[in-house]
Amino acid sequence: MAHLPSDVYLTTSFMHSGDVSPTTPKLQLQLSIPHHDPTYYIPDGNTVLLVENTLFRVHRSTLTKDKSTFDSMFSLDSDLRSSSSTPSVTAGPEGESDDNPIRLQGDTAQEFRALLWALYALPPELTLALTPKANTSQLFNLARITHKYEFRSIEAWALGALTTIYTRPTHSPSVQVEDVEGPSLVQLTELASLCEQRDLLDAATLRWKRLLASGKDIALAIGVAERLNLRTLLGFAYHSMMLQGREVWDNDALLTRAQRIRLLSGHYALGRLWERLPSEPPVISHSPRCTGGAQVRCNQAWGALWRSTLDMGRQVLLIQYADVVGKLMLAESVTKALVEREIPTQGMLDGMPWCKDNVLAAVAGKVKEVQESLADYFTDVA
């Protein structure tokens, strides 16, 4: 009895017509025949691979470059053939014909095509990937598949090219999560996290911050940051959602009940932090000339200045009670204006003649400390 090829799928359906009984199944054939890739089905190649529904024929020696997983795979296959005394009853050894290709699971044809592009490309093509005309989708697919199959040097090159593109000053940061010319911001973040590429992750986080500042895709950012455990992004995303207000939280379908509870917890915790801040001025570095009694007076003057700048900021602008970051950034601006005498000091700097320039670094350090620890305030309620 003849057998249908493995790539021909059979489906049945009950078709009602005047000539067919309602209980009689009519057999339908749905053909899904793999096709040759137009570029990478190379006539003199010696290895056939099936990715999705596309057949690639390439040189085995090319796939084993860079000490990739394919190198180990082919070596193991060769060892198994050598130790096997039973002749194959299939359509030849796996990978030597279209009838019995090596099947790659979990990859897309686009990803594998990107890998072969990198392996077979000429220098001018590779150079183009480092210019504004680069194909970011191709580089994204390349980075993903080279990470999976451990083409380490090619992976590093692809990630480096993507980082160059997304940190280039002339490359306008997108204000949309979806980039029609390349991977989405979510995909880019996932890739940077998967490959542990810090510079690319920083570039993606900067784009998320711009979105959050405009009030867009905040719940999406929270979900991505929680899933990938990106603490800095998570803190900024929760803080941005908190500032939207309770009415927005309750009506955002993407937020879970647990996330809404964390928002309430964060609002309370940041409120308590703001109440403590006036009595906890950040530590400043003293000048070598500031010693003994002079240092005591300097610390007292700095404490008074710290309380005054926090209070002045609150009087100048109406900022939400729990927006500690906004209040600290405003205090930093006020402090800078006082030190540089852009506004009257009213004698507040007289007690720290040698250390007044150091307070700017202290305030900036406090702002950074709170920003980096924001996620710690949005916790589950025990």
Side-chain angles (χ1 to χ4, degrees), residues 163 166-167 169 173 189 192-193 196-214 218 221-222 224-226 228-243 262-263 265-287 298-299 302-303 305-314 316-317 319-340 342 349 352 355-379:
T163 302
Y166 286 99
T167 56
T189 308
S193 178
E196 299 180 350
Q197 221 294 341
R198 172 54 56 185
D199 291 340
L200 184 59
L201 186 58
D202 288 344
T205 300
L206 180 60
R207 287 167 175 257
W208 279 114
K209 288 180 180 179
R210 290 195 175 100
L211 277 175
L212 297 175
S214 63
I218 302 177
I222 290 175
V224 170
E226 285 188 336
L228 301 178
N229 193 29
L230 303 176
R231 300 293 293 172
T232 299
L233 176 59
L234 183 63
F236 276 101
Y238 265 119
H239 183 262
S240 297
M241 182 61 78
M242 180 193 72
L243 298 182
R262 291 183 200 118
L263 284 164
S265 175
H267 189 279
Y268 175 82
L270 287 171
R272 299 282 75 78
L273 173 63
W274 175 245
E275 292 178 358
R276 296 194 307 271
L277 276 177
S279 60
E280 299 175 357
V283 177
I284 63 172
S285 298
H286 290 278
S287 166
C298 183
N299 283 329
W302 164 229
L305 175 63
W306 171 250
R307 289 188 294 273
S308 297
T309 53
L310 293 180
D311 187 59
M312 289 170 64
R314 182 171 53 190
V316 172
L317 291 176
I319 300 178
Q320 292 187 38
Y321 172 67
D323 186 8
V324 177
V325 174
K327 291 176 178 178
L328 282 175
M329 292 178 70
L330 183 56
E332 183 180 19
S333 297
V334 172
T335 303
K336 184 175 184 295
L338 285 169
V339 170
E340 296 180 355
E342 295 176 358
L349 300 176
M352 44 193 316
C355 303
K356 57 180 179 294
D357 291 332
N358 296 340
V359 303
L360 294 178
V363 178
K366 190 64 177 181
V367 173
K368 183 179 180 182
E369 174 193 325
V370 173
Q371 287 178 329
E372 292 180 346
S373 63
L374 275 174
D376 296 334
Y377 295 94
F378 296 91
T379 58

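For this chain, numbers begin at 1 and follow the sequence in order.
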query: Are Gln371 and Met329 side-chain neighbours, meaning at least one heavy-atom pair lies under 4.5 Å?
result: yes
Distance (rounded to the nearest 0.5 Å) between Ile284 CD1 and His286 NE2: 4.5 Å
- prompt: Taking 4.0 angstrom as the limit, do Lys336 and Glu332 come out as a salt bridge?
  reply: no
Partner of Arg307 by side-chain contact (heavy atoms from CB on, under 4.5 Å), out of Ser279, Pro278, Pro281: Pro278
field: Salt bridge present between Asp202 and Arg198 (N-O < 4.0 angstrom)
entry: yes
- request: Determine whether Val325 and Asp323 make a side-chain contact, defined as any pair of heavy atoms from C-beta on separated by less than 4.5 Å.
  value: yes
Gln197 side-chain N/O to Asp199 backbone N/O, donor-acceptor pair under 3.5 Å: yes
task: Count the heavy atoms of every other residue, nucleotide or ligand shown that sit under 6.0 Å from CD of Glu275, and state whether that count exceeds 12.
output: yes
message: Taking side chain to side chain contact (heavy atoms under 4.5 Å, CB included) as the definition, give me every residue that meets it alongside Leu206, ordered by chain and number, with sequence neighbours left out.
response: Arg210
- request: Could I get the full list of side chain to side chain contact (heavy atoms under 4.5 Å, CB included) partners for Glu280, not counting sequence neighbours?
  value: Arg276
task: Verify, without hydrogens or angle tests, whether Trp302 (side chain) and Pro282 (backbone) share a donor-acceptor contact under 3.5 angstrom.
output: yes
- prompt: Is any side-chain heavy atom of Leu263 closer than 4.5 Å to a side-chain heavy atom of Tyr238?
  reply: yes
message: For a quick test of reading the model, state the closest non-hydrogen atom pair linking Arg231 to Asp376 and the distance between them.
response: NH2-OD1, 2.8 Å
query: Rounded to the nearest 0.5 Å, how far apart are CG of Leu305 and NZ of Lys356?
result: 12.0 Å
Flag side-chain contact, heavy atom, 4.5 Å: Leu270 against Leu374: yes
message: With a 4.5 Å cut-off on side-chain heavy atoms, are Leu310 and Leu328 touching?
response: yes
Nearest heavy atoms of Leu230 and Ser193, plus distance in Å: CD2-OG, 4.4 Å
query: How many angstroms lie between CG in Asp357 and CE in Met352, if you round to the nearest 0.5 Å?
result: 9.0 Å
message: As a quick check of understanding, evaluate side-chain contact (heavy atoms from CB on, under 4.5 Å) for His239 and Leu243, giving each step before the final call.
response: CA-CA 6 Å; His239 183 262; Leu243 298 182; 3.6 Å; yes
message: Tell me whether the rings of Tyr321 and His267 are parallel (<30°), tilted (30 to 60°) or perpendicular (>60°).
response: tilted
- prompt: Going from SG on Cys355 to CG on Leu349, what distance comes out if it is rounded to the nearest 0.5 angstrom?
  reply: 11.5 Å
query: Can you tell me how far the CZ atom of Arg272 sits from the OH atom of Tyr268, to the nearest 0.5 Å?
result: 4.5 Å
message: If you compare all heavy atoms of Ser287 against all heavy atoms of Asn358, which two are closest, and at what distance to 0.1 Å?
response: N-ND2, 4.1 Å
- prompt: Any donor and acceptor pair, going by atom type alone, linking the side chain of Thr167 with main-chain N or O of Thr163 inside 3.5 Å?
  reply: yes
field: Lys366 side chain near Trp306 side chain, heavy-atom distance below 4.5 Å
entry: yes
Ile218 backbone acceptor or donor facing Trp208 side chain under 3.5 Å: no
- prompt: How long is the span from the CD atom in Glu226 to the CG atom in Leu233, to the nearest 0.5 Å?
  reply: 10.5 Å
